[in-house]
Chemist: 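Before I ask anything, here is the structure I am working with.
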Amino acid sequence: MSTPFAGFQNEVYLNGLFGQQPELPFGWRETEAAAHQAMTAEAVGYVAGAAGAEDTMRANREAFDRWRLVPRMLRGIPAERDHSTTILGTAMPAPVMLAPVGVLSIVHEGAEPAVARAAARLGVPMIASTAASHTMEEIAAAGEDAAAGSPRWYQLYWPADRELAASFVRRAGAAGYGAVVVTLDTWQLGWRPRDLATAYLPFLQSIGIANYLSDPVFRTGLDKTPEDDPGAAVLKFVGLFNNPALGWDDIAFLRDHTRLPLVLKGIQHPDDVRRAADIGADAVVCSNHGGRQVDGAVASLDALPGVVEAAGALPVLFDSGIRSGADACKALALGAAAVLLGRPYVHGLALAGEEGVHHVLRCFLADLDLQSGLAGHRSVHELTRESLTRTE
Ligand code: FNR
């Protein structure tokens with residue numbers, strides 16, 4: 001499958017020749033700035049904010065600056081390059097997926113279904129969050145509407161009730177999700193000064209808990225339905241979200257309860273990867289949740305080489321700080337099997353709903369295609385540690 005992503009720039013320039021100026025920005029910084037203008041102050045705080053002094057969020061970006069691509073010349077690069085890959089049975093046009101991001105209705109009314117449609121149009125897999133504003137069934141249906149067989153994985157926030165966890169995963173299987181991504185780093189929300197400053201937590205307003213409210217196991221334990229007594233349902237959610245006791249035996253329980261591939265997200269230490277492999281996980285995501293959980297923690301890109309080395313044959317996906325094609329090239333060169341795009345697509349959504357996400361994805365893929373090609377690679381699959389140099 002050749003993937004002429006770079007053709008997007010020809011389209012833009014040709015449109016310009018015929019007097020059509022672009023409406024959306026192309027650089028990620030410009031897109032972020034425009035999105036922040038379009039969002040409420042609370043939503044900006046929630047999306048842009050991170051834990052503590054936000055040192056780790058900054059470190060995630062700074063780590064990319066220490067690695068530089070070293071372009072190679074005259075290598076006979078094909079005009080249309082094939083970046084396609086398959087991870088855990090899910091085919092994708094490039095090793096790029098959408099990171100799970102919850103409560104998207106706070107940035108745009110189209111929310112997760114708009115994201116699902118935009119991703120499906122390009123065949124980019126979306127990882128739908130447990131904390132989505134819409135149910136996983138609605139998100140799946142939106143993706144299927146846009147493109148039959150739209151690839152999707154389900155991200156699980158493990159509630160303090162194993163039966164509810166099992167129910168979420170059963171539903172994900174029934175709704176055609178191809179893998180379960182268990183997020184390990186958020187058994188409790190981190191200390192987030194920007195949200196504290198506006199006393200803003202969308203879940204308490206019943207935003208981002210659609211998967212809970214629609215779940216048969218969740219509903220069974222309520223005296224009145226969430227429709228009749230929304231306050232009681234929110235309180236029940238609050239009681240279930242935090243789960244400090246989560247341990248490796250829970251992952252083993254999940255392994256017994258689903259045939260879907262299991263991916264563990266939030267891994268930063270080599271020993272945790274070895275543990276993940278021992279317990280039968282199928283892949284891990286090297287991630288620090290965009291710096292939103294442990295401030296002062298290592299930059300995710302700095303953790304990546306150690307995680308990849310310890311992972312052996314286990315695929316290592318990567319997120320936290322990915323903004324551009326260059327960033328993706330660097331993470332792939334350091335051994336990531338795929339990168340997850342997070343905040344940038346949320347900015348596209350905030351600016352222009354489905355079309356905004358579609359635009360951000362086309363920009364990202366074109367940039368990745370051009371970057372890897374111009375640096376001397378026939379596809380992103382040729383990127384290795386030798387493609388990079390480290391600067392201090
Ligand atoms: C997240 N992330 C996240 N992760 C997850 O597993 N489930 C979720 O519901 C959410 N929700 C969420 C909301 C918002 C607003 C953000 C910014 C992030 C983390 C996400 O999957 C990913 O790890 C980070 O976004 C990566 O950091 P960058 O690259 O976006 O800075």
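Whatever order the structure lists them in is the order used to number ligands and atoms, beginning at 1.
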Chemist: Could you tell me whether S287 approaches ligand 1 through its side chain, its backbone, both or neither, with non-hydrogen atoms closer than 4.0 Å?
Modeler: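 Looking at S287 and ligand 1, just side chain atoms fall under 4.0 Å.
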
Chemist: Just to be sure I read this right, does ligand 1 sit under 4.0 Å from the backbone of M57, its side chain, both, or neither, counting only heavy atoms?
Modeler: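 The answer is neither.
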
Chemist: Look at atom 24 (C) of ligand 1 and say which protein heavy atom is nearest, naming residue and atom and giving the distance to 0.1 Å.
Modeler: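 The answer is G290 N, 3.8 Å.
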
Chemist: How far is atom 22 (C) of ligand 1 from the closest protein heavy atom, and which atom is that?
Modeler: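 Going atom by atom, the protein heavy atom closest to atom 22 (C) of ligand 1 ends up being D319 OD2, 3.3 Å.
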
Chemist: Establish, for the pair R194 and Y200, whether the NZ or CZ atom is under 6.0 angstrom from the six-membered ring centre and no further than 45 degrees off its axis.
Modeler: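 So R194 doesn't make the cation-pi contact.
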
Chemist: Of P100, G45, G342, which has the heavy atom at the shortest distance from atom 1 (C) of ligand 1?
Modeler: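 It is P100 that holds the nearest heavy atom.
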
Chemist: For the residue pair Y157 and H289, does the interplanar ring angle fall in the parallel (under 30°), tilted (30 to 60°) or perpendicular (over 60°) class?
Modeler: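 Taking H289 first and then Y157, their aromatic rings lie parallel (interplane angle under 30°).
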
Chemist: Mark up the atoms of ligand 1 that fall under 4.0 Å of a heavy atom belonging to G102, in ascending order.
Modeler: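 This gives 8 (C), 9 (O), 10 (C), 11 (N), 12 (C), 13 (C) as the contact atoms.
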
Chemist: Report the part of T183 (side chain from C-beta onward, or backbone N, CA, C, O) that has a heavy atom under 4.0 Å from ligand 1; answer both or neither where that applies.
Modeler: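 T183 to ligand 1: side-chain contact only, backbone stays beyond 4.0 Å.
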
Chemist: How about CZ on R75, more than 12 heavy atoms from neighbouring residues, nucleotides or ligands closer than 6.0 Å, or not?
Modeler: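 It does: R75 CZ has more than 12 such atoms within range.
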
Chemist: As a check for students: among Y345, Y157, F318, identify the option with a heavy atom nearest to atom 5 (C) of ligand 1.
Modeler: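 Answer by nearest heavy atom: Y157.
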
Chemist: What class does the angle between the rings of F26 and F8 fall in, given that below 30° is parallel, 30 to 60° is tilted and above 60° is perpendicular?
Modeler: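 Taking F8 first and then F26, their aromatic rings sit tilted (interplane angle of 30° to 60°).
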
Chemist: How far does CG of L365 sit from CG of L368, to the nearest 0.5 angstrom?
Modeler: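 With rounding to 0.5 Å, CG (L365) is 6.5 Å from CG (L368).
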
Chemist: Cation-pi check for F218 against K236: NZ or CZ below 6.0 Å from the six-membered ring centre and within 45 degrees of the axis, yes or no?
Modeler: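 Yes, K236 sits over the ring of F218.
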
Chemist: For E11, does the CD atom sit with more than 12 other heavy atoms under 6.0 Å from it, leaving out its own atoms?
Modeler: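 More than 12 heavy atoms, drawn from other residues, nucleotides or ligands, come within 6.0 Å of this atom.
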
Chemist: Against the six-membered ring of F253, is R162 placed for a cation-pi contact (under 6.0 Å from the centre, within 45° of the normal)?
Modeler: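 Checked: cation-pi criterion met.
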
Chemist: Starting from atom 30 (O) of ligand 1, find the nearest protein heavy-atom neighbour and note its residue, name and distance.
Modeler: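 Among all protein heavy atoms, the one nearest atom 30 (O) of ligand 1 is R343 N, 2.8 Å.
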
Chemist: Just let me know how Q155 lines up against ligand 1, side chain, backbone, both or neither, with a heavy-atom cut-off below 4.0 Å.
Modeler: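 For Q155, only side-chain atoms sit under 4.0 Å from ligand 1.
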
Chemist: Within ligand 1, which atoms have a heavy atom of S129 less than 4.0 Å away?
Modeler: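 Those atoms are 7 (N), 8 (C), 9 (O).
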
Chemist: Check R219 with E227, please: is the shortest side-chain N to carboxylate O separation under 4.0 Å?
Modeler: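 Salt bridge: yes.
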
Chemist: Within the side chain of Y177, is there an N or O that forms a donor-acceptor pair under 3.5 Å with the backbone of V169?
Modeler: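 A pair under 3.5 Å: no.
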
Chemist: Where is the nearest protein heavy atom to atom 15 (C) of ligand 1: which residue, which atom, and how far?
Modeler: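 Nearest protein contact, heavy atoms only, for atom 15 (C) of ligand 1 is R292 NH2, 3.5 Å.
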
Chemist: Out of all atoms in ligand 1, which are within 4.0 Å of some heavy atom of I322? Include the element for each.
Modeler: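 This gives 29 (O) as the contact atoms.
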
Chemist: Identify, by atom number and element, the atoms of ligand 1 in contact range of V101, meaning under 4.0 Å from any of its heavy atoms.
Modeler: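 Near V101, meaning under 4.0 Å from one of its heavy atoms, ligand 1 has 10 (C), 11 (N), 12 (C), 13 (C), 14 (C), 15 (C).
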
Chemist: Provide the number and element of each atom of ligand 1 under 4.0 Å from a heavy atom of G321.
Modeler: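 With G321 as reference, the close atoms of ligand 1 come out as 28 (P), 29 (O), 31 (O).
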
